[in-house]
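See below for the structure under consideration.
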Amino acid sequence: MKKIMTVFGTRPEAIKMAPLVLELQKQPENFKVCVVVTAQHREMLDQVLELFQIVPDYDLNIMQAGQSLSEITSRALLGLEKIMQDVRPDIVLVHGDTSTTFAAALAAFYQKIPVGHVEAGLRTGNIYSPYPEEINRSLTGRLASLNFAPTSVAEANLIRENVDPASIFVTGNTVIDALLATVNQAYDLNTIPGLEELDFPHKRVILVTAHRRENWGAPMDRIFGAIRQICESYPAVEIVLPMHKNPLVRKQVYQHLSGLSNIRLIEPLDYQPFVQLMAASYLVMTDSGGMQEEVPALGKPVLVLRDTTERPEALAAGTVRLVGSDQGAIFAATSELLDDEQAYLAMAQAQNPYGDGTACKQIAAILQASRF
Ligand code: UD1
Ligand code: UDP
């Protein structure tokens, strides 16, 4: 019997760790699972916990409005110390690249508890893009003794950094497990507040999300400037923008995109309706990491509002295109997809380089077989 502690704090970590928690909980003969949330995100985390019916054993409730990176990291680190001392798990599992991820890996290291890193090995090679995620995941990788890499590209990144190949397991990404568990549950999109009147069958819907720190300020001004231009140039197209909870992001959204009849600025959606919305959209524009994995699997084109990506697989497959934050480039790429059917069809190919939805089962089996 192994005592496994999972630590996560934000929406994307929760979505990608939830199926793993559920898988480990299904095997009580092998694992005793302790779920710790930092609640670096509050509402957006709780939405996911509720959907997957996960009740944390510990909740640090650290989120504060306008939190700085140092505040998140230090509050998580201090809160986790006592919990790890009390629980003494055999291993701590963290996910991805948030400040919670890095703080939890460091907290475990301070207690000499081994770390397992889920979604290990993603890299852009640029420490400021994405910021601070590239460093969060690199440092977490340095601390981890088990690395669950989603793809062979991620595995190769780790090997290049002299990580012991015996500690790396290519499992696919647990996001596909979450997506497959959710995608077939029917959902009436017109029940989403703000979308009651949207004529999904007859409209081309562009789904937009943006939140990245390196896009705050001038890049987001340009991104939202381009979205406004698209709204005005294509009045028959409908844009749906579920806004991130961050007030800084919201301020910029409202500044640029208020008062347009064909854009709907709505609250963050629960994962289940959000998956259905991605599937019902004509194309997606985003700076999200996770959506670069989900949307190609749903066969829709993704314009990535960033200069770099740590997810080159879908880029190579042609369903994802990096457009950065230049207003003209974003407008041109979107216009091409709206006006040129061949260009659209060339991108709208179902591609899923991120596994077959068995990542969590594989990780559970590796945990069971490993000594740590
Ligand atoms: C964080 C992660 C980022 C991840 C993103 C996913 C870090 C440094 N950043 O960025 O890697 O891609 O989450 O969304 O770890 N807020 C709420 N309610 C919520 C969530 C956020 O009000 O449920 C507001 C708070 O004012 C908070 C702010 O958003 O201070 C920013 O949250 P924070 O976790 O610091 O950064 P994100 O930009 O969300
Ligand atoms: N998502 C969601 N509701 C929303 C917007 C996004 O459930 O309103 C999901 C999305 O499907 C993906 C994850 O949240 O799984 C991505 O989160 P985010 O973009 O905040 O973080 P990132 O992936 O960039 O770290």
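Both counts, for ligands and for their atoms, begin at 1 and track the order of listing.
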Quick test: of every protein heavy atom, which one is nearest to atom 39 (O) of ligand 1, and how far off is it to 0.1 Å? His41 NE2, 2.7 Å

Is it the case that ligand 1 has an N or O less than 3.5 angstrom from some N or O of Thr10? no

Would you indicate whether Lys82, at its atom NZ, is surrounded by more than 12 heavy atoms from other residues, nucleotides or ligands within a distance under 6.0 Å? no

Indicate the atoms forming the closest heavy-atom contact of Gln111 with Gln85, along with that distance. OE1-CG, 3.3 Å

Region of Pro247 that comes within reach of ligand 1 [heavy atoms, distance under 4.0 Å]: side chain

The closest protein heavy-atom partner of atom 9 (C) of ligand 2 is Ile15 CD1, 3.5 Å

To the nearest 0.5 Å, what is the distance between CZ on Phe8 and CG on Leu49? 5.5 Å

Identify, for atom 30 (O) of ligand 1, the protein heavy atom at the shortest distance, and state residue, atom and that distance. Gln64 O, 2.8 Å

Protein contact to atom 25 (O) of ligand 2 [nearest heavy atom, distance to 0.1 Å]: Pro12 CG, 3.4 Å

Heavy-atom nearest option to atom 8 (O) of ligand 2, drawn from Asp97, Leu269, Thr286: Leu269

Are Arg137 and Glu119 close enough, and set up right, to give a salt bridge (Lys or Arg N to Asp or Glu O under 4.0 Å), and what steps lead you there? CA-CA 9 Å; Arg137 59 195 173 215; Glu119 199 181 84; over 6 Å; no

Per-atom filter on ligand 2: closer than 4.0 angstrom to a heavy atom of Met278 are 11 (O)

For ligand 1, the portion of Pro132 having any non-hydrogen atom under 4.0 Å away: side chain

Quick test of your reading of the structure: of Ala65, Gly96, Gly9, Ala14, whose heavy atom lies closest to atom 26 (O) of ligand 1? Ala65

Do any nitrogen or oxygen atoms of His211 come within less than 3.5 Å of a nitrogen or oxygen of ligand 2? yes

Do me a favour and list the nearest non-hydrogen protein atom to atom 1 (N) of ligand 2 with residue, atom name and distance? Phe274 CD2, 3.4 Å

Of the protein's non-hydrogen atoms, which lies at the shortest distance from atom 29 (O) of ligand 1, and what is that distance? Asn246 CA, 3.2 Å

Near Thr98, which atoms of ligand 1 are under 4.0 Å from a heavy atom of that residue? 11 (O), 15 (O)

Between Pro268 and ligand 1, which residue portion shows a heavy-atom distance shorter than 4.0 Å: side chain, backbone, both, or neither? neither

If hydrogens are left out, which of Arg11, Glu13, Met44, Met63 has an atom nearest to atom 25 (C) of ligand 1, that is, the closest non-hydrogen atom? Met63

Have a look at ligand 2 and work out which part of Glu133, if any, has a heavy atom under 4.0 Å from it: side chain, backbone, both or neither. neither

How about Glu161: does its CD atom have over 12 heavy atoms from other parts shown lying under 6.0 Å from it? yes

For Glu196 and Asn190, test the side chains for any donor-to-acceptor distance below 3.5 angstrom and give the result as yes or no. no

Less than 3.5 Å between some nitrogen or oxygen of Asp287 and one of ligand 2, yes or no? no

Check the surroundings of atom CZ in Phe331: do more than 12 heavy atoms from other residues, nucleotides or ligands lie under 6.0 Å from it? yes

Applying a 4.0 Å heavy-atom criterion (strictly less than), which segment of Leu69 is in contact with ligand 1: side chain, backbone, both, or neither? side chain

Would you tell me whether Glu313 and Tyr354 have side-chain atoms, one donor and one acceptor, within less than 3.5 Å of each other? yes

May I ask you to identify the nearest protein heavy atom to atom 18 (N) of ligand 1, giving residue, atom name and distance to one decimal place in Å? Glu43 OE1, 2.7 Å

Any atoms of ligand 1 less than 4.0 Å from a non-hydrogen atom of Ser99? List them with their elements. 7 (C), 8 (C), 15 (O)

Return a yes/no value for Asn136: is any of its N or O atoms, backbone included, closer than 3.5 angstrom to an N or O of ligand 1? no

Closest non-hydrogen protein atom to atom 19 (O) of ligand 2, residue and atom name please, with distance? Ser288 OG, 2.8 Å

Give the residue and atom name of whichever protein heavy atom lies nearest to atom 23 (O) of ligand 2, and the separation in Å to one decimal. Gly290 N, 2.7 Å

Hey, which atoms in ligand 2 end up nearer than 4.0 Å to a heavy atom of Pro242? 8 (O)

Identify the closest protein heavy atom to atom 34 (O) of ligand 1: which residue and atom is it, and at what distance? Gln40 NE2, 2.9 Å

Check the pair Thr6, Val36 against side chain to side chain contact (heavy atoms under 4.5 Å, CB included), reporting the backbone distance first and the verdict last. CA-CA 6 Å; Thr6 60; Val36 181; over 6 Å; no

Any atoms of ligand 1 less than 4.0 Å from a non-hydrogen atom of Ile72? List them with their elements. 35 (O)

Which is closest to atom 11 (O) of ligand 1 by heavy-atom distance: Glu133, Arg213, His211, Arg212? Glu133

Suppose we measure from atom 24 (O) of ligand 2 to each protein heavy atom; which comes out shortest, and what is that distance? Gly289 N, 2.7 Å

Gap separating the CD atom of Gln252 from the CZ atom of Phe224, nearest 0.5 angstrom: 6.5 Å

Pair Asn173-Glu293, side-chain donor/acceptor within less than 3.5 Å: yes

Distance-only donor-acceptor check, side chains Thr38 and Thr100, under 3.5 Å: yes

Under 3.5 Å, is there a donor on one side chain and an acceptor on the other for Glu13 and Thr98? yes

Which protein non-hydrogen atom lies closest to atom 14 (O) of ligand 2, naming both residue and atom, and how far is it? Arg11 NE, 3.3 Å

Classify the contact between Thr101 and ligand 1 as side chain, backbone, both or neither, using a heavy-atom distance cut-off of under 4.0 Å. neither

Please lay out, stage by stage, how Arg228 and Leu260 fare under the test side chain to side chain contact (heavy atoms under 4.5 Å, CB included). CA-CA 8 Å; Arg228 185 176 187 95; Leu260 291 160; 3.8 Å; yes

Whether the Arg306 and Asn215 side chains hold a donor-acceptor pair (N or O, under 3.5 Å, no angle test) is what I'd like checked. no

Has Asp90 got a side-chain atom pairing as donor or acceptor with Lys2's backbone, closer than 3.5 angstrom? no

Among all the protein's non-hydrogen atoms, which is closest to atom 10 (C) of ligand 2, and how far away is it? Glu294 OE1, 3.4 Å

Where Val240 and Pro242 come nearest, the two heavy atoms and their spacing: O-CD, 3.6 Å

Please confirm whether the backbone N or O of Leu337 pairs with a side-chain atom of Tyr282, one donor and one acceptor, at under 3.5 Å? yes

Tell me whether Arg123 is salt-bridged to Glu133, with the criterion being a basic N under 4.0 Å from an acidic carboxylate O. no

Nearest heavy atom to atom 32 (O) of ligand 1 wins, so pick from Gln67, Lys245, Gln47. Gln67

Would you say Lys16 touches ligand 2, if touching means a heavy atom closer than 4.0 Å? no

